[in-house]
Protein chains: 2
Amino acid sequence: MQKLDLIVNDLRKDGYRITPQRVAIIDYILNTESHPTAESLHEVIQKKHPMVSLATVYKTLDLLKKKGIVQELRLAGGSRYDANVGRHVNLVCVNCGKIEDVDYDLLEEIENKVARKSKYDIVGSKFELYGYCSNCQKAGIAK
Amino acid sequence: MQKLDLIVNDLRKDGYRITPQRVAIIDYILNTESHPTAESLHEVIQKKHPMVSLATVYKTLDLLKKKGIVQELRLAGGSRYDANVGRHVNLVCVNCGKIEDVDYDLLEEIENKVARKSKYDIVGSKFELYGYCSNCQKAGIAK
DNA sequence: ATCTATGCAAACATTTTGCAGGCTG
DNA sequence: CAGCCTGCAAAATGTTTGCATAGAT
């Protein structure tokens, strides 16, 4: 069974409606490695599905974020979205915005290794954990 | 010698002018652990130095980023700035936006350890490397 | 005296929101 | 056929820019 179908079934089970817009967006983001912005995603999808507005793209991406289907990378020039939600390292060019995925072993060695392998001039790195702090868990907000 | 003085001397050596606005901003960000946004930084600094505009805060933060003195964390609700530019882990509450710094050993164990220690409900993580790709290095753009 | 840095306000880019109507279940 | 989802447009948010002037060197 396709990954798309699994996600669609999951959403349906949760009571979400399966619209052509949502399917098109999910399908596209599952099958690209381009880390699109909301706007570039909208442009590409409109070619096949003229009936998709930018607002719907944003709303759908919000839904997919909540469901853990996509990850949002907040970068200069707007957020980019990534269906690869497993633990992974993104190599971001702070000049042109290009993003590449990188395999790695241990944190301690990553930076040097990556610099050597990629020919990137590394100017910084960041490992961030996202979650709900204990206060917010108690309050049960917006989860 | 104070860290502030070192930075100020460095900037002066590079030909940048040492204005009260810049000193106030650098001084504040060096001595806070609150990961302020540009706007919150502006509010706090205005209390002591009414002559600091928000535009100047942004311009100064850009300068400090270029000099490697601060790190920008792009999060929901706006970027946050952090004088701790060494390699470190930020623990971000995706609900209230609180940011805490975390010590760590090895990447493999971080997520579980942090979840246990912090009582955070971890919903995702991200380790990003920032740098200039080889193309951009050749082109020598905007560095 | 020179010329960078500032403040102001307008411009800009991205994302969010409200509402009327359409489509899924 | 009930109510969630959509498209549109306006609004909100966060950041950048242009220009005249103040102020650091």
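Order of the sequence lines sets the chain letters (A, B, ...), proteins ahead of strands, with each chain counted from 1.
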Completion exercise
In B/S/- notation (B base, S sugar-phosphate only, - none; protein heavy atoms under 4.0 Å), nucleotides 16-25 of chain C written 5' to 3' is BBB-----BS
Practice task
Using side-chain hydrogen bond (donor to acceptor under 3.5 Å, both in side chains) as the criterion, list what pairs up with Asp10(B), not counting sequence neighbours.
Solution key: none
Fill in the blank from the handout: Rounded to whole Å, the CD-P distance (Gln21(B) to dA5(C)) equals 11 Å
Practice task
For Arg22(B) and dA22(D), give me the distance from atom CZ to atom P, rounded to whole Å.
Solution key: 19 Å
Handout entry: Whole-Å distance separating the NE2 atom of His42(A) from the C1' atom of dT6(D)
Key = 12 Å
Exercise for the section: Calculate the interatomic distance between Glu39(A) atom CD and dC12(C) atom C1'; express it in whole Å. Expected result: 13 Å
Problem - side-chain hydrogen bond (donor to acceptor under 3.5 Å, both in side chains) partners of Lys59(A), counting only residues at least two apart - result: none
Practice task
Output all residues satisfying side-chain hydrogen bond (donor to acceptor under 3.5 Å, both in side chains) with Thr56(B), sequence neighbours left out; order by chain, then residue number.
Solution key: Ser53(B)
Handout entry: Which atom of Ile25(A) lies closest to which atom of Val57(A), heavy atoms considered
Key = CD1-CA, 3.9 Å
Problem - Length of the CG-C1' vector between Leu75(B) and dG14(D), whole Å - result: 13 Å
Exercise for the section: Pick base, sugar-phosphate or nothing for Thr37(A), based on heavy-atom distances below 4.0 Å to the nucleic acid. Expected result: nothing
Handout entry: For atom CD1 of Ile45(A) and atom C1' of dT6(D), their distance in whole Å
Key = 15 Å
Completion exercise
The side-chain hydrogen bond (donor to acceptor under 3.5 Å, both in side chains) partners of Thr37(B) (sequence neighbours excluded) come to Ser40(B)
What side-chain donor-acceptor pairs closer than 3.5 Å can you find for residues 43-51 of chain B, not counting sequence neighbours?
from	atom 1	to	atom 2	distance (Å)
Gln46(B)	NE2	His42(B)	NE2	3.3
Gln46(B)	NE2	Val52(B)	O	3.1

Practice task
Can you tell me the distance, in whole Å, between the CD1 atom of Ile26(B) and the P atom of dA5(C)?
Solution key: 12 Å
Exercise for the section: Please work out if Gly77(B) contacts a base, only the sugar-phosphate, or nothing of the nucleic acid, heavy-atom cut-off 4.0 Å. Expected result: sugar-phosphate
